[in-house]
Structure formats: structure tokens, C-alpha cells
Number of protein chains: 2
Amino acid sequence: MKRIERRSDCPISLSLDIFGDKWTLLILRDFIFFDNRHFNELVTIEKISTNILADRLKRLLNNDILKKEIDVYNKSSYLYSLTEKGIEIIPIVIEIYKWGANNIEGNNANGKFKSEVNSNFSKVTAEIVDRIKTTHNTVSYEKH
Amino acid sequence: MKRIERRSDCPISLSLDIFGDKWTLLILRDFIFFDNRHFNELVTIEKISTNILADRLKRLLNNDILKKEIDVYNKSSYLYSLTEKGIEIIPIVIEIYKWGANNIEGNNANGKFKSEVNSNFSKVTAEIVDRIKTTHNTVSYEKH
DNA sequence: ATTTGTACTTGTAATATGCAAGTGCTATTG
DNA sequence: CAATAGCACTTGCATATTACAAGTACAAAT
């Protein structure tokens, strides 16, 4: 993972140095839309290779976008959570969702990936943020 | 440029298949924030290689995000413009700007890349969209 | 006729990705 | 308590993408 660290001081460039690739925002989508928080759940849908997933999770941890702790409901598993900084990426992901749903033919915004994002952007965003803030900021976790 | 075309039907995945890389959104930033619209202007700041720039412009043209026409003020130059579909990417770029400015230390959001985005997101976005709509939708162009 | 400007293209080495298989640790099962 | 299974990775290697430097093509200016 040798990577140019800082191409310029532009906030957009610095952001893309962290998540400007084909996979990172999809991993974060899994947290945001599907509540996937374990390593082997995050491999799904687009079939990311495990070496790439491990690399990206490491980068997100290093950049304080995710945190990692032992899952209290399964001690042999790790639970990843979004940090406050990670939660602030949600609006970006939502905007990308909106653009794809509105501008790419053949997308599945009304099927498996249906969302009410378009009809009420700020409401949906706020709901997601609220849900994640309550489930990711504490170790107790009610999924399994 | 062999590229997996469609990893899934998720709108986010489809969007990232188009602009999920380190450079594409930076090129669009140049359009949005700096009004750079010619090939050799778009190379600046982060020093993108010309082969990558040519490839990305081709992809943006193929996906109807940019259009290309001869610059009426310099017939040996091409002028690239954002399409309606391209203009709709602006909110994504603005959200990324905000995140970087708020969450990455050492960014230059108060220097060269200063913007009023944070203080008034919707106003700034609307202003940029208005400006681009008037300058990019017509062949007449008043920069040079 | 030669230089300059603009927009690329090409060659090649370095880097990153994708795929399959393997490792190490922790329960859990017979 | 030895064998199995689940989970979270790591490793090796072929393929694909990127970075860098140089070159090409064509129009306009000198």
C-alpha cells in the first residue's frame, strides 16, 4: 500500500486521497444502508477481495473514520463502527446515491437498493445519522 | 482502458464506476471552482498526467457528463463544458469539500482553496450552479 | 518555412488490483 | 480433548492501471 499521501492542500484532493477509489465509499455504504459491520459481511454484493477490504479498513481506521472493537455478542469477531468523522461522510454517500439514482439508467434505485432519499433528502439523512449515532457510539449492539 | 463496467445495480456502485477514482472528481472541481475548461488548464495543481487526463475526459464525455466543442475564441482549442448531468454532480463535490475542510488537518480551506461553502451550503451551491448553467450551456463564453 | 500552442498518444517502469489459497486464532462439537 | 468450523485476515502471483517522459499531429502565428 504505497500511496501518494498529499497531492495538494485542496480539501477535495485530501478527501479523495482517503476515499477516492472504487471501493472505500461502497464499504461505507454497507455501514450506512445495510448496517454491515463485520469483516465477512462487508465482502458482499460487489464481491470485494479480502485483501483489498483489509487494506481499505486499515486506511479508514488510520484516518479515524472507523473504529474497531471486539464484538461483545461474538467474542471471536470484530465489530467496526463509524466515528463522528465517519458519520459526517454520510451526506456525501447520500448525494452520490441521489446522482446515480437520477442519472444512470438501469440502476436499481427502485429495487433492492430502493431508498426514499430523493423524496426527502434531509429527513432520510437525519434518520440515518441518528440511527448510526445510537448504534455505533456504544459497545452494546442489538443486531444479532 | 479495460474496466469492469458494472459491479452491481446499486446507484452508488454505478456512480463510482464512473467517477470513483483519485482524479475524476478533481477534474470536475477544476470546472466548478476554477472555471478551467481547456485540456492544458485541467492539468494544473495536482499535476495529473496527460494520458490519465485524456482518459478521464473521454470517460466523462462517454457518460454524458461533459461535452466538447471547438472554442469559438481560439479555433485550435477545445472547450469542455458540463452537461446537465454533470452539473448535478456539483452537490457531491461540495459535500466532499465540506468534509475535507471540516475533518482533515492541514487542509487549505482558509487559504488558496477558501470557500464559503460551510457557512451557506445551499446558497453557494445554487450560485455555482447558476453561473455554470449560463456559461456552459451556450457556445458564447466570456473568459478570455 | 519555421516556430508556437494545443491536444493529445505512446512506451515503459512502477504500483495497485483481483483471484485463489493459506494462516492463525477462537469457539464449538463429538 | 482432538477435530471441525467460523472469522479475520495474509500471501503469492497474474493482470490491470497509473506515472513519468517523450513524441506526434495539426492549426495558427511569425
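Naming: A, B, ... by sequence-line order, numbering from 1 per chain. Just so it is clear, the model here is predicted, and its values are computed rather than measured.
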| query | What integer distance in Å separates A:Leu16:CG from D:dT18:C1'? | reply | 16 Å

| query | Any side-chain N or O of B:Trp23 under 4.0 Å from OP1/OP2 of D:dT18? | reply | no

| query | How close or far is atom P of D:dT18 from atom CG of B:Leu53, stated in whole angstroms? | reply | 13 Å

| said: What is the separation between atom CG on A:Leu60 and atom C1' on D:dA8, rounded to the nearest whole Å? | reply: 16 Å

| task | Write down the distance between CD1 (A:Ile27) and C1' (D:dC9), rounded to a whole number of angstrom. | result | 14 Å

Detail all sub-3.5 Å separations between protein N/O atoms and N/O atoms belonging to nucleotides 6-13 of chain C.
residue: C:dT6; atom: O3'; partner: B:Ser77; partner atom: OG; Å: 3.2
residue: C:dA7; atom: OP1; partner: B:Ser77; partner atom: OG; Å: 2.6
residue: C:dA7; atom: OP1; partner: B:Tyr78; partner atom: N; Å: 3.1
residue: C:dA7; atom: OP1; partner: B:Tyr78; partner atom: O; Å: 3.2
residue: C:dA7; atom: OP2; partner: B:Phe39; partner atom: N; Å: 3.4
residue: C:dA7; atom: OP2; partner: B:Asn40; partner atom: N; Å: 3.1
residue: C:dA7; atom: OP2; partner: B:Asn40; partner atom: OD1; Å: 3.2
residue: C:dC8; atom: OP1; partner: B:Lys68; partner atom: NZ; Å: 2.9
residue: C:dC8; atom: OP2; partner: B:Tyr80; partner atom: OH; Å: 2.4
residue: C:dT9; atom: O4; partner: B:Thr50; partner atom: OG1; Å: 2.7

| message | Checking side-chain polar atoms at under 3.5 Å, does A:Glu88 have a donor or acceptor matched by the opposite partner on B:Asn102? | response | no

| task | Check every strand shown and say whether A:Lys47 touches a base, only sugar-phosphate, or nothing at a heavy-atom separation below 4.0 Å. | result | nothing

| Check: B:Asp17/B:Ser15 side-chain N/O donor and acceptor closer than 3.5 Å | no

| B:Arg6 with A:Glu46: basic N within carboxylate O range, under 4.0 Å | no

| query | Please give, in whole Å, the distance from D:dT18 C1' to B:Arg59 CZ? | reply | 12 Å

| message | Does B:Phe33 have more than 12 heavy atoms from other residues, nucleotides or ligands lying within 6.0 Å of its CZ? | response | yes

| query | What is the distance from CG of A:Asp71 to P of C:dT26, rounded to the nearest Å? | reply | 16 Å

| Rounded to the Å, how far apart are B:Arg56 CZ and D:dA19 P? | 8 Å

| remark: Of A:Ile52 and A:Lys75, the one whose nearest nucleotide on DNA chain C sits closer to the 5' end is A:Ile52

| query | Does the side chain of A:Asp30 come under 3.5 Å of the side chain of A:Asn36 through a donor N or O and an acceptor N or O? | reply | yes

| Is the cationic atom of A:Lys98 (NZ for Lys, CZ for Arg) positioned less than 6.0 Å from the six-membered ring centroid of A:Phe121 and within 45 degrees of its normal? | yes

